[in-house]
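One structure below.
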2 protein chains.
Amino acid sequence: MRPPTNTMSQKAISCESCSLNAVCLPSGLTAEELIQLEKSIDKTMKIKKKEAVFKTNQISDGIYAVKSGAVKTSIANSDGQEQVLEFHLPGDILGFDAFNSGTHSCDAIALEDTLICKIPEATFDDLCIALPGLRKELKHQLGKEISHHQNLLLSLGQQQTDERLATFLLQLSLHYQSRGFSNKEFVLPMSRQDLSNYLGMAVETLSRIISRMTDENIIKVERRVVIISDMDKLEALAHSSCKKT
Amino acid sequence: MRPPTNTMSQKAISCESCSLNAVCLPSGLTAEELIQLEKSIDKTMKIKKKEAVFKTNQISDGIYAVKSGAVKTSIANSDGQEQVLEFHLPGDILGFDAFNSGTHSCDAIALEDTLICKIPEATFDDLCIALPGLRKELKHQLGKEISHHQNLLLSLGQQQTDERLATFLLQLSLHYQSRGFSNKEFVLPMSRQDLSNYLGMAVETLSRIISRMTDENIIKVERRVVIISDMDKLEALAHSSCKKT
DNA sequence: CGGGAAATTGATGACTTTCAAGGTGTGTGG
DNA sequence: CCACACACCTTGAAAGTCATCAATTTCCCG
């Protein structure tokens, strides 16, 4: 009976030695500041697949960084209609949604077994006063969140369904590239259901677009693995305001 | 030759005596803090209709509060497709979009002659350190911005066009009510073009929905003046996930 | 007062959803 | 370890929603 060898048993490590420190909160901090930040970070959160990091209306307990795994945030209205807002990958920060009222305005659900680093609410304000680098980085992360929302709004409001998927794949490609991974071959961390909801279309529509793009030799998709065969065509598709090439 | 008597000639007044101080940045500040804030605020910005408070890629010069008038923010992609992101009414804050890169990621255009109060970038960080109340209020305002984006995403991603308009009208109704105005009769500060774009639909579609809702005695619309005749029906429409009543 | 932008209305067609069925992979319990 | 159940994904056909094109009216600004 040995313990499982998945990420859930991973040992907590310091921000300094974390492979994500260039993209995560520590990115703008001095060595000195990092030590201060480190003291407050709670690395003990292990969230299992389909379980919540936090839920709507829950009182904010701080902000969170994804250490490994993946998290989706989504909002629901009174009728139960749900909209996926963002997919958070390792190094991403979440929890800003509680800044308005002090309670979370969305659900954060793990898409797979996930490790989370938490900066507790209590020490957060103090840290911001003490660490100029943290303030700067926090501003940067908040801006990233806002930019993301703006781009998704542009996509949902103005693009056709196939353009939306193309745009999404390109963004994901860039994301992986910036983290040293292949920009042509990567894994979708979410189900078709979650992705189609995020992109504001029916699951069937997403499936059909994937099939069509595969037929046109733009991408190859095997379950959740995506290979971009023709980056140029994909980019052309994402920018095709003048319908039909 | 007397000077024009429109809002553009309005005299700058103190935050303390401003009618908006309960909803604007001063809201969470002590009297002491307000004096500090006041020193840094630049109230001289007068933006004429159709002119920009700031434009995309412009280096951030601070954050802005709408004193009078109205401002729309919008983002455009490389193809010139444009998406209106938000309408900012008196008391609303804008400029957070530059938090990511230091340059603005959207355009902010005045919908009518508008007065703007500016907190310059240079003093902003210092003020945040010095004034706990300002930090708290800033957090609140940032959260409001994020919440707004989330709700718009839900609307664009999950609702039908008529549900989107109903939702928008109800939000505007609540907004005016919370500021002491009528919740049943108010003015749309934007053109049909801007509103239809914001709601992710064609102008013609918006026009048709307005006509239909008028025929059904839910609203009366005369140019930019809206009267809500049947609040219950409007709310039912906004929540009709089970299509067709 | 005139030109032109803004708004409305109608007809048509494209895109997307919905409903339905079948296929494929995964996980759990025997 | 295998089998079965179930969730996930794909594909097809039909229907609906919404966009586009076009024409007309209304209203605003110079």
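Chain letters run A, B, ... following the sequence lines, proteins first, then strands; residues in each count from 1.
One interatomic measurement links the two molecules: CG of Leu188(A) to C1' of dC8(D), which rounds to 14 Å at whole-angstrom precision. dT16(C) atom P lies 12 Å from atom CG of Leu206(A), rounded to whole Å. If you take CD of Glu112(B) and C1' of dA6(C), they are 17 Å apart, rounded to a whole angstrom. One interatomic measurement links the two molecules: CG of Leu165(B) to P of dT17(D), which rounds to 17 Å at whole-angstrom precision. If you measure from atom CG of Leu237(A) to atom P of dC15(C), you get 13 Å, rounded to the nearest angstrom. Taking atom CD1 on Ile209(B) and atom C1' on dG16(D), their separation rounds to 14 Å, with Å as the unit. When rounded to the nearest whole Å, the span between CD of Gln159(B) and C1' of dC18(D) equals 16 Å. As rounded to whole Å, 12 Å separates atom C1' of dA5(C) from atom CZ of Arg224(B).
A salt bridge is absent between Asp113(B) and Lys48(B); no separation between the charged side-chain nitrogens and carboxylate oxygens falls under 4.0 Å.
Of the N and O atoms on the side chains of Asp97(B) and His104(B), at least one donor lies less than 3.5 Å from an acceptor on the other residue. Between the side chains of Asp107(B) and Thr56(B), at least one donor N or O sits under 3.5 Å from an acceptor N or O. In this model, a donor atom of one side chain and an acceptor atom of the other lie less than 3.5 Å apart for Gln150(A) and Ser105(B). Donor-acceptor pairing under 3.5 Å is lacking for the side chains of Ser74(A) and Gln83(A). Looking at Thr167(A) and Gln159(A), their side chains do bring a donor and an acceptor atom within 3.5 Å of each other.
When the nucleotides dT17(C), dA7(C), dT11(D) are ranked by their closest atom to the side chain of Ser207(B), dA7(C) comes out on top. Taking every side-chain heavy atom of Gln160(B) into account, dT17(D) is the closest of dT9(C), dT11(D), dT17(D).
Nucleic acid contact class of Thr161(A) (heavy atoms, under 4.0 Å, all strands): sugar-phosphate only.
The side chain of Thr205(A) places no N or O atom within less than 4.0 Å of a non-bridging phosphate oxygen (OP1 or OP2) of dC15(C).
Only one option out of Ile218(A), Asn183(A), Leu234(A), Val221(A) pairs with Ile228(A) in a side chain to side chain contact (heavy atoms under 4.5 Å, CB included); it is Leu234(A).
Of all the residues in residues 190-201 of chain A, Gly200(A), Met201(A) reach under 4.0 Å from DNA chain C with at least one non-hydrogen atom.
For residues 199-229 of chain A, no pair satisfies ring pair (Phe, Tyr, Trp, His ring centres under 6.0 Å), with sequence neighbours left out.
Ring centers of Phe181(B) and Phe186(B): at least 6.0 Å apart, outside the cut-off.
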Practice item. Classify every nucleotide of nucleotides 21-30 of chain D by which part a protein heavy atom approaches to under 4.0 Å, writing B for the base, S for the sugar-phosphate alone and - for neither, in 5'-to-3' order. Key: B-----SSS-

